[in-house]
Amino acid sequence: MPKAYRFGATAVSALAMAMLAPQAAFAQEAPADEGASDGQEITVSGIRYSLGNAINEKRKNESIVEAVSAEDIGKLPDVSIAESIARLPGLAAQRVNGRAQVISLRGFSPDFTTTFLNGRPQASSGDNRSVEFDQYPSELLNMVVVYKTPDASISGMGLSGSIDLRTVRPLEYGKRAFVVNMRGEVNSGGKLNDDVRNWGWRASASWIGQNADGTVGWALGYAHLDSPSQNRHVKAYGYEKFDHGCFWGDGPSWCDPALNGRVAPASARNSQFISGQEVFAYSREQRRDAAIGILELQPSEKAHLELDLYYSSFKQREVMRGVQWFDNPWADQQTLRNVSNATVGGTDVAVSGMANGIAPQLRNDYNTRDDQLFSAGLNGEFAMTDKLKLVADLSYSTNTRDESITETYAGFGCCATSATQNANRVFDSIGFDFTQFLAGQGFPDWSEGLNYSDASRVSLGDRAPWGGWGHDGQTKEPHVKETVFATDIGFNYEMDGPIKSVDFGANYSRTTKSKDVAEFDLFLKNGRTQALVDPQYLVNPTSLGFAGMGSVLSVNLPLALPVYYDKTVYVDRNTFDKAWDIAENTITLKAKMNIDTGNLHGNIGVQWVHQEQKSHGYAINFLVTPRQVDPISDGTSYSDWLPSLNLTYELGGGHRVRLGLSRQMARPRMDEMRADFIPGADNICGGGGGSSAQCQPGGTIHPWNANGGNAKLEPWRAKSIDVAYEWYIDKSSYIAISGFYKDLENYVYLQQQSFDFSGLTLPPSVVVPVGVTVSPIGTIRQPANGKGGSIYGVEVSGALNFGKIAPVLDGFGVIASYSYVKSNLRPTDSTNPNTVQATRIPGLSNHVYNITGYFEKGGFQARASYRYRSGFKGEVVQLFANRGLTEILADRQLDAQIGYTFPDGSSLGGLSILLQANNVTDSPYRTRLGVDGGGPRTNDGGYLPEIYEKYGRQFLLGFSYKF
């Protein structure tokens, strides 16, 4: 019953309130505990009002929640709502291209969290279930509520929690307003690529109105974002030793001691070298247009109707230029000279020197992404009697993503035909110094010998070593679409006594999601003859000076692609494995009793959830000619009981304790639910029958094996307990301590399962002796529900108004929070029951903390906010928009802002000006090689760096004016 809880009391975290930029003073009703007389209007503004209102709301809520609430229409200043909620206790943002995009709640992957808009489920354009919050402009949202404990009246809540994005309610707002915001922005690092500027702007306008008798209300809002970003990127592919005296194919024998000396001096021959590396300059343009339309009707006290519409179009364009190469003496021409080595974690690592015989591959890439999001909802409340109320809700949400990812290759020298491409690689000597990179404190320092921006010497064409990559570029075009339809009907019956009311109802939802990826190879025209680029298709060279390199040739790919390349459809097994569609039908029956007796209040409820799921995909048999690609469908159904309890006991004097008990669930990842599988077959009998009994007449062989998805996956399930202590010291100061423990009944791991391969054609490579039977039963490596574990944590938050300590400190304050989370997952592989290696949940950071200091007085406002997130295993976009896991190192970010609000009654009353600085310290994004316990290790057990990126500082200057 979305409406039933939407207008209930909402606990708002004091920390979240502080994240709101101080805004223009405006008349507000005082919080209930301020003692204002009826009709009295108190003018308050900024953070201190938000703190008082937040604490007052927090005391009335029955669930444990956090929230961000706008002080007025259009008064959430961040670039997206993700930036606002990233500072809440127990929440942590993952930066994508320098911006907060996805949110981890209480150490869980974003897939464990459900996102609503006005209480309604939202479709996602990602490959799975997590919502990308940068599609939602903060200017159009009035509040975000994060539920940490479930409410039985809300369907589809996540296992880690739920995030409800809320727009303004015109009649509840109660007055007319028109607000405009305008801000310009600039990136401190300047332009990396000449065809993408480093400045942008954003603007929004919102209008709220009501008719004279307050029975009709409306709200319209529009927000535009035009925001470029710059990304300086380097990556180390691996670390290995080179000078062993044994080089495959380099001499007449397997090992030739005469080859020792490719690494000099001899003291560096046992050092670890970075074997492959890249330095890229990314520039992105992001344009978002979003709009809301809200119509609210209340013709009588017994009826209330709302219609909500939301639309967002988010277009991203990215150019990337750079170089990649190998430092690898396994190749004939390469040597490493003047090497200096140092000890890193007890391991000798090559720090500086000169790599000779290097032929860099130049890259010119162009990527686009278009997201279209539309959501609509109709809600009605009807008082059937004095005590019985009917609430009905219909909603629809659809999200579509279309991408194009294109990379092309070039190199020094011209112009070999396809027959001699590898022979025309021109070699260079590149100096290197990895001192800062290995310490995690800066970029490597490279120096090249050739001019890679010389348009008369650099030509298009494949320059990869060892025969090349077989094409001169490639394009991938993912298409993802998700649609969610939901209908909800419920009743609320008021009662007398300890049970003050009862809620009961039902919800039906249908979710469909599909993905496919069109793939193409790019070949240079004229038989792949390498080609110089005409100046009309070039832009100014791109400098890689941030890593010591010079400039590289920069091609305007949108113009050059049809001129120089032929586009050929490319199909392999993975092309079909990436194509799937899934349909889910879910029925939820729910009931809740609301309790209020003496010092005890809360609720107890239960949900019965039944889901049917169906996946359509392919059996992809490339072992036979012609290939066999057969459509298949598979699925399952299941039911769950989800009880929940939320109780609060008032101790008096502002002290209280809370208890939450619940059973929760989160539906599995959609890409893992695909029905696709790719078979393989073993030639068990070796072509000659062998001596094995199974290869003799009358025997049975099981040659089939496969990798694939699992359409029968069931949800993650957990039992959860939450306890909390809160002390409300006064209207602007509080302390809260909470702890949670979740017993994960199961988890999803890659496991080896039995599988029926009936209907597939056995490849000719499998020899079947006379009299031997081929069984269709084999094994498949696929995601499956397995052994679970636990996750637990502690969250501490508080706010202190220094003016309560000493009057001289009036206007100063601090808000802070700290979260500690730990998990204990021990996956067991069905093929090896003794496998109990600990696995970390993606998104889990052990330590997250935030601190904000602020000052606000006489119209002047200032604040600085610092947030820290310890290292975690993150899911990121890797090659060609495929999702993968990587180890992201600790992240730190400092933001600051100052502003001034002109007083009411002055000639500039209603005007606020604001200066913001984001990422003040230019904090880097860093990863290390390997995931969990994998990857190269130093002698002391440490890890070696992989990616180092910087995005620059973002400065914004703008104004807000309210009519």
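Remark: side-chain polar atoms of Ser275 are paired, donor with acceptor, to backbone N or O of Gly238 under 3.5 angstrom. Formation of a donor-acceptor pair under 3.5 Å by the Asn193 side chain with backbone atoms of Ala281 is found in this model. A donor-acceptor contact shorter than 3.5 Å is absent between the side chain of Tyr951 and the backbone of Arg99. For the pair Asn683 (side chain) and Ser765 (backbone), a donor-acceptor distance under 3.5 Å is present. Remark: side-chain polar atoms of Gln272 are paired, donor with acceptor, to backbone N or O of Glu240 under 3.5 angstrom. Side-chain N or O atoms of Ser543 include one that pairs as donor or acceptor with a backbone N or O of Gly545 at under 3.5 Å. One N or O on the side chain of Gln94 and one on the backbone of Glu875 form a donor-acceptor pair closer than 3.5 Å. Looking only at distances, a side-chain donor or acceptor of Asn919 sits under 3.5 Å from a matching main-chain atom of Gly952. In this structure, Ser554 contributes its side chain and Thr542 its backbone to a donor-acceptor pair below 3.5 Å.
Looking at Glu318 and Arg284, a side-chain N of the basic residue comes within less than 4.0 Å of a carboxylate O on the acidic one, giving a salt bridge. The pair Glu519-Lys578 meets the salt-bridge criterion, with a side-chain N (NZ, NE, NH1 or NH2) lying under 4.0 Å from an Asp/Glu carboxylate O. Ion pairing between Glu407 and Arg363 holds under the 4.0 Å rule for side-chain N and carboxylate O. Using a 4.0 Å cut-off between charged nitrogen and carboxylate oxygen, Arg926 and Glu887 do not count as a salt-bridge pair. In summary, Asp922 and Arg232 do not engage in a salt bridge, as defined by a charged side-chain N under 4.0 Å from a carboxylate O.
Nearest heavy atoms, Thr886 versus Thr927: OG1-CB, 3.9 Å. The shortest heavy-atom contact between Val351 and Thr435 is CG1-OG1, 3.1 Å. Here the closest non-hydrogen pair linking Phe412 and Val426 is O-CG2, 3.3 Å. Across all non-hydrogen atoms, the minimal contact from Asp932 to Lys873 is OD2-NZ, 3.0 Å. Shown here for Leu362 and Gly411, the closest heavy-atom pair between the two residues is CD1-CA, 4.3 Å. Shortest non-hydrogen contact noted between Ser271 and Phe273 is O-CD1, 3.4 Å.
Residues passing the side-chain contact (heavy atoms from CB on, under 4.5 Å) test with Glu285, sequence neighbours excluded: Val196, Arg287, Arg317. In this view, Asn574 satisfies the side-chain hydrogen bond (donor to acceptor under 3.5 Å, both in side chains) rule with no residue, not counting sequence neighbours. When the salt bridge (charged side-chain N to carboxylate O under 4.0 Å, His left out) test is applied to Asp891, the partners found at least two apart in sequence or on another chain are Arg95. For Asn526, the side-chain hydrogen bond (donor to acceptor under 3.5 Å, both in side chains) test picks out no residue, with sequence neighbours left out. Remark: Arg869 pairs with no residue by the salt bridge (charged side-chain N to carboxylate O under 4.0 Å, His left out) rule, at least two apart or across chains. For Tyr282, the ring-ring contact (aromatic ring centres under 6.0 Å, His included) partners two or more places apart in sequence, or in a different chain, are His233. Taking Arg937 as the reference, Tyr943 meet the side-chain contact (heavy atoms from CB on, under 4.5 Å) condition, with sequence neighbours excluded. For Asn356, the side-chain hydrogen bond (donor to acceptor under 3.5 Å, both in side chains) partners at least two apart in sequence or on another chain are Thr335, Ser429. Partners of Asn198 according to the side-chain hydrogen bond (donor to acceptor under 3.5 Å, both in side chains) rule, which considers only residues two or more places apart in sequence or in another chain, do not exist here. In this view, Phe523 satisfies the ring-ring contact (aromatic ring centres under 6.0 Å, His included) rule with no residue, not counting sequence neighbours. Tyr564 meets the ring-ring contact (aromatic ring centres under 6.0 Å, His included) test with Tyr537; sequence neighbours excluded.
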Result block: side-chain N/O donor-acceptor pairs under 3.5 angstrom for residues 338-349, not counting sequence neighbours:
residue : atom : partner : partner atom : Å
Thr347  : OG1  : Asn939  : N            : 2.7
Thr347  : OG1  : Asn939  : OD1          : 3.4

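Note that OG1 of Thr779 is 5.5 Å distant from CG of Asn705, once rounded to the nearest 0.5 Å. Going from atom CD1 of Ile358 over to atom CZ of Phe432 covers 9.5 Å, rounded to the nearest 0.5 Å. Considering NZ of Lys567 and CG of Leu522, their distance stands at 7.5 Å, rounded to 0.5 Å.
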Between Asp462 and His471, is a side chain to side chain contact (heavy atoms under 4.5 Å, CB included) present by the stated rule, with each step listed?
CA-CA 6 Å; Asp462 180 10; His471 51 253; over 6 Å; no

If you apply the rule side chain to side chain contact (heavy atoms under 4.5 Å, CB included), what do you find for Asp365 with Val319, and how did you get there?
CA-CA 6 Å; Asp365 294 6; Val319 297; over 6 Å; no

Test side chain to side chain contact (heavy atoms under 4.5 Å, CB included) on Cys415 and Leu532 and set out the steps.
CA-CA 8 Å; Cys415 289; Leu532 298 174; 4.3 Å; yes

Step by step, work out the ring-ring contact (aromatic ring centres under 6.0 Å, His included) result for Tyr868 and Tyr849.
CA-CA 5 Å; Tyr868 169 84; Tyr849 64 82; 5.0 Å; yes

Could you please spell out the steps behind the side chain to side chain contact (heavy atoms under 4.5 Å, CB included) verdict for Phe427 and Gln334?
CA-CA 9 Å; Phe427 301 109; Gln334 292 192 18; over 6 Å; no

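Atom CZ of Arg197 sits in a crowded spot, with more than 12 heavy atoms from other residues, nucleotides or ligands closer than 6.0 Å. Within a 6.0 Å radius of NZ in Lys822, no more than 12 heavy atoms belonging to other residues, nucleotides or ligands are found.
For the 3.5 Å distance criterion, the side chains of Tyr366 and Asn364 fail to qualify, holding no donor opposite an acceptor. There is no side-chain donor-acceptor pair under 3.5 Å between Trp469 and Gln361. Judged purely by distance below 3.5 Å, without hydrogens or angles, the side chains of Gln893 and Ser923 never pair a donor atom with an acceptor atom. The closest side-chain donor-acceptor pair between Ser459 and Arg463 falls under 3.5 angstrom. Between the side chains of Glu946 and Tyr237, no donor-acceptor pair is found at a separation under 3.5 Å. Judged purely by distance below 3.5 Å, without hydrogens or angles, the side chains of Arg953 and Asn918 never pair a donor atom with an acceptor atom. In summary, the side chains of Thr406 and Thr475 do present a donor paired with an acceptor at a separation below 3.5 Å, with no hydrogens or angles considered.
With Tyr948 as the partner, the ring pair (Phe, Tyr, Trp, His ring centres under 6.0 Å) test is satisfied by one option alone out of Phe546, Tyr925, Phe443: Phe443. Across Val563, Leu559, Leu557, a single residue satisfies side-chain contact (heavy atoms from CB on, under 4.5 Å) together with Leu561, and that is Leu557.
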